[in-house]
Number of protein chains: 2
Amino acid sequence: MTESPSTTKKAPSRIQQRNRTLILDAALEVFSSQGYRGATLDQIAKQAGLSKPNILYYFNGKQEIHVTLLNQLMTVWLDPLKEMNPNGDPIKELIGYVHRKLDMAIELPRESRLFANEILQGAPRMGPHLSAGLKPLFDKQIIVITRWMESGKIARSDPAHLLFSIWATTQHYADFAAQTEVLLPDRQAREDGARAFLDQLFTKLLTP
Amino acid sequence: MTESPSTTKKAPSRIQQRNRTLILDAALEVFSSQGYRGATLDQIAKQAGLSKPNILYYFNGKQEIHVTLLNQLMTVWLDPLKEMNPNGDPIKELIGYVHRKLDMAIELPRESRLFANEILQGAPRMGPHLSAGLKPLFDKQIIVITRWMESGKIARSDPAHLLFSIWATTQHYADFAAQTEVLLPDRQAREDGARAFLDQLFTKLLTP
DNA sequence: TCGTGTCTTTACCAAATGGTAAAATTTAAT
DNA sequence: ATTAAATTTTACCATTTGGTAAAGACACGA
């Protein structure tokens with residue numbers, strides 16, 4: 001029986017694994033720079049070095065590629081937040097989180113833009129994941145941070161907005177790169193400056 | 001001679017003014033929520049209550065509507081930055097700027113998202129305006145802030161990244177509303193919390 | 001009210017785009 | 001080597017979408 005591998009759940013062949021990876025890589029490139037509607041299967045196919053029908057042999061449609069990508073990268077994206085250790089030194093943990101997020105924005109700007117695009121459009125294909133995936137983790141870490149504040153180890157502020165501000169300031173360097181690159185053209189200086197500034201900003205906020 | 005008013009530069013009639021406004025309003029709604037490629041002339045037409053050909057009577061094409069919108073709103077968007085008074089009290093000026101930007105994000109989320117969409121895609125239709133419009137103003141205000149720091153009236157930090165962090169944290173509430181609304185559903189609490197937090201964040205940073 | 005120019009609608013079109021059918025080719029186990 | 005299954009290509013198709021032509025409706029000054 002000849003059936004598309006996109007529905008089959010049996011062991012994927014070497015070719016299948018290679019091509020699905022190829023497609024998802026290409027899709028990340030295209031979706032992150034063009035948005036969901038701006039991206040075309042032809043662009044993804046060309047970027048992947050495959051034909052359009054070939055791509056539809058591995059995925060049931062454009063939407064499935066996009067959703068697969070979002071699901072797959074969600075884990076990577078939330079990892080730094082999970083890694084915060086409730087028993088570590090609060091300032092170290094939070095400043096460390098800031099640095100890890102900034103590193104991710106610099107090293108994985110496509111992933112950042114992929115999510116930014118999706119959220120900007122109202123998260124039409126990710127809404128459930130926000131409630132089911134992000135929200136619980138968010139609430140959990142809010143509690144951790146609140147405890148840290150109550151223990152007096154860091155200054156009191158609103159933990160939720162603290163996280164928002166960390167996300168906003170770090171992802172800004174990926175999502176608004178077209179702007180920051182015009183305003184601060186020297187890449188190395190910009191990245192070093194960002195690190196130093198965010199360190200200072202959040203250290204001052206958190207130090208009791 | 002019958003000619004489209006989009007090329008004519010003569011005094012626009014009452015109807016012309018009304019309909020161009022109607023179209024630009026509709027276009028703001030659609031472009032900001034769907035992005036440039038995601039927006040269709042049919043959507044804009046429906047939103048404006050006009051027919052598609054009628055819309056193309058007033059504008060020469062989709063791109064012209066978009067560019068007109070960007071140009072028109074650029075002024076409004078940069079206004080708060082211009083308003084910073086070099087002779088005022090530095091902390092008051094900067095904190096005031098933060099509050100004005102946050103108010104704009106809350107009151108004009110569509111404008112914020114319109115620009116966010118455009119920058120995210122690499123500013124393909126706005127690139128020149130960044131260099132020609134924003135850059136000079138940015139550089140000028142960097143100098144003002146630098147002087148404030150040198151005078152000892154505010155703590156030293158990187159002025160460019162200070163502005164980036166103000167933009168990032170305030171616009172976050174408009175651009176990532178789909179996310180913040182899931183994580184902090186109570187609108188009033190969210191907005192009040194944002195104001196208080198950003199006030200605290202930047203006051204701590206700037207106080208010498 | 002008449003006529004000229006302004007505005008709107010109807011009826012289209014060509015290109016782009018997501019997707020499919022089925023033939024052709026390649027892979028791999030026997 | 002043979003063959004059955006997996007993979008890729010070729011040739012399409014229906015819909016959507018930005019855009020146009022031209023006829024029709026309307027406004028308004030003389």
With B for base contact, S for sugar-phosphate-only contact and - for none (protein heavy atoms under 4.0 Å), nucleotides 16-23 of chain D reads -SBBB---
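Distances shorter than 4.0 Å separate some side-chain N or O of Ser51(B) from OP1 or OP2 on dT9(C). Of the side-chain N and O atoms in Asn19(A), one or more sit less than 4.0 angstrom from OP1 or OP2 of dT8(D). Under 4.0 angstrom from either OP1 or OP2 of dT7(D) there lies at least one side-chain N or O belonging to Tyr57(A).
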Please report, to 0.1 Å, the donor-acceptor pairs under 3.5 Å made by any side chain of residues 79-92 of chain A, with sequence neighbours excluded.
from: Glu83(A); atom 1: OE1; to: Arg100(A); atom 2: NH1; distance (Å): 3.2
from: Asn85(A); atom 1: OD1; to: Asn87(A); atom 2: N; distance (Å): 2.9
from: Asp89(A); atom 1: OD2; to: Lys92(A); atom 2: N; distance (Å): 3.2

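The two residues Leu130(A) and Ala178(B) come nearest to each other via the heavy atoms CD1-O, 3.8 Å. Taking each heavy atom of Tyr58(A) and Arg20(A) in turn, the nearest pair found is O-NH1, 3.2 Å.
In this structure, Phe115(A) has its ring center at least 6.0 angstrom away from the ring center of Phe176(B). Between His161(B) and Tyr173(A), the gap from one ring centroid to the other is short of 6.0 Å.
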Please report the C-alpha distance between Leu134(B) and Met126(B) in whole Å, then the side-chain angles of each, then the deciding distance to 0.1 Å, and finally whether the side chain to side chain contact (heavy atoms under 4.5 Å, CB included) criterion is met.
CA-CA 11 Å; Leu134(B) 177 56; Met126(B) 220 184 58; over 6 Å; no
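By the 4.5 Å heavy-atom criterion applied to side chains, Phe59(A) and Ile44(A) are not counted as neighbours. For the pair Trp77(B)/Gln171(B), a side-chain contact is recorded, criterion being any heavy-atom separation below 4.5 Å from C-beta on.
In this structure, Arg20(A) atom CZ and dT8(D) atom P are separated by 13 Å, rounded to whole Å. As a whole-Å value, the separation of Phe31(A) CZ from dT17(C) C1' is 13 Å. Rounding to whole angstrom units, CG of residue Asn54(B) and P of dC7(C) are separated by 10 Å. Rounded to an integer number of Å, the gap from CD1 of Ile23(A) to P of dT8(D) is 9 Å. We find that CG of Leu50(A) is positioned 8 Å from P of dT9(D), with the value rounded to whole Å. For the pair Gln34(A) CD and dT17(C) P, the computed distance is 10 Å after rounding to whole Å. The distance from atom CZ of Phe59(A) to atom P of dT7(D) is 13 Å, rounded to the nearest whole Å.
Contact check of residues 113-121 of chain B against DNA chain C (heavy atom, cut-off under 4.0 Å) returns no residues at all.
By the 4.0 Å N-to-carboxylate-O rule, Arg190(B) lies too far from Asp186(B) to be salt-bridged with it.
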